[in-house]
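Take a look at the structure set out below.
Side-chain atoms are counted along with the backbone in the values below, which use heavy atoms only and exclude waters and symmetry mates. Numbering of residues begins at 1 and proceeds along the displayed sequence.
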Amino acid sequence: MTVLHRDEHLLIVNKPPGLLAQPDHTGDPDVVSRGKEMLADTAAGTPFLGPVHRLDRPSSGVMALARSSEAARHLSRQFRERLVEKRYVVVVEGTLRGIGAWTDYIAKTDRQPRLVDPDDPDGKRAELNWQVLESNSARTLLQVTLQTGRSHQIRLQAASRGHPVVGDDRYGASAALTKRVIALHHVLLRVDHPARPRRETFVAAPPAHWSEVLTDAMDSTLRRMLDREQPG
């Protein structure tokens, strides 16, 4: 787990695929526990570390954690009021062109997210915008900006339109990838610092297994995007 930024208020990491965002009933390794281990050398007792958003276990990318309850409240409000920018890169099966927006409703029943009708009492609105970065006859590299943050949102919305995320056999992908990870990565997060009057940008490159799914053209386009968005 790579640290992208660390100060007295924030810990920003690049979550690897396969790592839980926070502890659960399995007892498997997770971001929060590893983060506390990283901070233990500078904190008296067990350090505070609160996740303010989540990433699915098989996905990867930028994840923000608060180092105090005050920072957690400040960041959580930004996520709740949609004041942050959350941008993903994702490789889906099939060919898409241009740009678009998807709107659906997602309900979570027995810990399983699913698309539901708009009038379902448990359904919550799920919105995203997408833009094609590169495509061929088999796969498309998308840039996705989330307007909401529902569980499994990108995976469900893409699969329901016949374009499952590459490697995501849970939602209809034709094959799994190595170590059962998927080609979904949180590449950029923009958020107001909880204690300083400035907007922060955090960028993380996708993990090594993306070499399995990217064409040379996709790889070049993605590298240019990463170079362009790097802060400073």
Side-chain angles (χ1 to χ4, degrees), residues 1-81 84 86 88 90 106-114 122 124 126 146 148-156 165 167-171 176-189 191 193-195 200 202-209:
M1 188 171 75
T2 305
V3 174
L4 302 174
H5 174 86
R6 173 176 170 174
D7 63 30
E8 64 270 32
H9 306 283
L10 293 173
L11 179 66
I12 311 295
V13 301
N14 184 3
K15 184 188 94 67
L19 188 66
L20 289 168
Q22 59 187 37
D24 73 357
H25 65 284
T26 66
D28 291 343
D30 67 276
V31 171
V32 174
S33 298
R34 286 195 177 179
K36 288 182 178 180
E37 291 171 3
M38 290 178 177
L39 300 174
D41 59 337
T42 60
T46 302
F48 179 95
L49 199 60
V52 293
H53 66 120
R54 299 179 184 180
L55 297 178
D56 295 342
R57 181 170 186 165
S59 65
S60 56
V62 182
M63 187 168 168
L65 303 106
R67 295 189 61 184
S68 69
S69 56
E70 183 178 353
R73 285 193 297 272
H74 191 285
L75 292 168
S76 295
R77 179 186 61 80
Q78 291 183 62
F79 277 88
R80 185 172 60 253
E81 297 179 3
V84 302
K86 297 173 287 183
Y88 291 73
V90 53
I106 294 175
K108 196 170 184 181
T109 306
D110 297 328
R111 298 196 297 184
Q112 174 59 50
R114 58 189 178 88
D122 295 322
K124 295 183 178 180
L146 283 182
T148 57
R150 308 305 178 199
S151 184
H152 295 194
Q153 180 177 337
I154 296 173
R155 301 165 67 184
L156 278 167
V165 175
D168 195 5
D169 54 352
R170 176 172 180 171
Y171 291 117
L177 294 177
T178 302
K179 298 182 181 178
R180 304 196 67 79
V181 298
I182 63 175
L184 175 61
H185 179 77
H186 188 201
V187 69
L188 180 147
L189 174 68
V191 63
H193 193 279
E200 300 279 9
F202 305 107
V203 178
H209 77 268

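Looking at V191 and L10, their side chains never come closer than 4.5 Å, going by heavy atoms from C-beta outward. Residues V52 and Q78 have side chains not in contact (no heavy-atom distance under 4.5 Å, counting atoms from C-beta outward). Side-chain contact between L4 and V62 is present, with heavy atoms from C-beta onward closer than 4.5 Å.
Note that the CD atom of E8 and the OG atom of S68 stand 9.5 Å from one another [nearest 0.5 Å]. The CG atom of N14 sits 15.0 Å away from atom NE2 of H5, with the distance rounded to the nearest 0.5 Å. Taking CG of D122 as the reference point, atom NZ of K108 lies at 13.0 Å (rounded to 0.5 Å). Remark: I12 CD1 to E200 CD distance equals 8.5 Å, nearest 0.5 Å. One finds the CZ atom of F79 at 5.0 Å from the CG atom of L189 (value rounded to the nearest 0.5 Å). Here the straight-line distance linking atom CG of L11 with atom CE of M1 works out to 6.5 Å at 0.5 Å rounding.
For D169, the salt bridge (charged side-chain N to carboxylate O under 4.0 Å, His left out) partners are R180, not counting sequence neighbours. In this structure, the salt bridge (charged side-chain N to carboxylate O under 4.0 Å, His left out) partners of D7, at least two apart in sequence or on a different chain, are R196. Residues forming a side chain to side chain donor-acceptor pair (under 3.5 Å) with S33 (at least two apart in sequence, or on another chain): D30. Every residue meeting the side chain to side chain donor-acceptor pair (under 3.5 Å) condition with S60, not counting sequence neighbours, appears here in chain and number order: H185. In this structure, R73 has no side chain to side chain donor-acceptor pair (under 3.5 Å) partners at least two apart in sequence or on a different chain. Partners of P51 under the side-chain contact (heavy atoms from CB on, under 4.5 Å) rule, at least two apart in sequence or in another chain, are Q22, V32, M63, L65. Residues that satisfy the salt bridge (charged side-chain N to carboxylate O under 4.0 Å, His left out) test with R170, not counting sequence neighbours, are absent from this structure. Under the ring pair (Phe, Tyr, Trp, His ring centres under 6.0 Å) criterion, H186 pairs with H53, Y88, not counting sequence neighbours. Checked against side-chain contact (heavy atoms from CB on, under 4.5 Å), R150 has the following partners two or more places apart in sequence or in another chain: R82, I106, K124, A126, T148, Q153. Applying the side chain to side chain donor-acceptor pair (under 3.5 Å) criterion to H209, with sequence neighbours excluded, gives no partner residue.
L156 and P113 get closest at one heavy-atom pair: CD1-CB, 3.8 Å. Across all non-hydrogen atoms, the minimal contact from L177 to G167 is CG-CA, 3.7 Å. In terms of heavy atoms, Y171 sits closest to Q112 at OH-NE2, 3.2 Å.
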So D168 and L184, side-chain contact (heavy atoms from CB on, under 4.5 Å) or not? Walk me through it.
-> CA-CA 9 Å; D168 195 5; L184 175 61; over 6 Å; no
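Screening residues 48-64 for salt bridge (charged side-chain N to carboxylate O under 4.0 Å, His left out), with sequence neighbours left out, gives D28-R57, D56-R155. Residue pairs meeting the ring pair (Phe, Tyr, Trp, His ring centres under 6.0 Å) criterion with at least one partner in residues 8-31, sequence neighbours excluded, are H9-H193.
Using modelled atom types and a 3.5 Å distance limit, the side chains of H74 and E70 yield no donor-acceptor pair.
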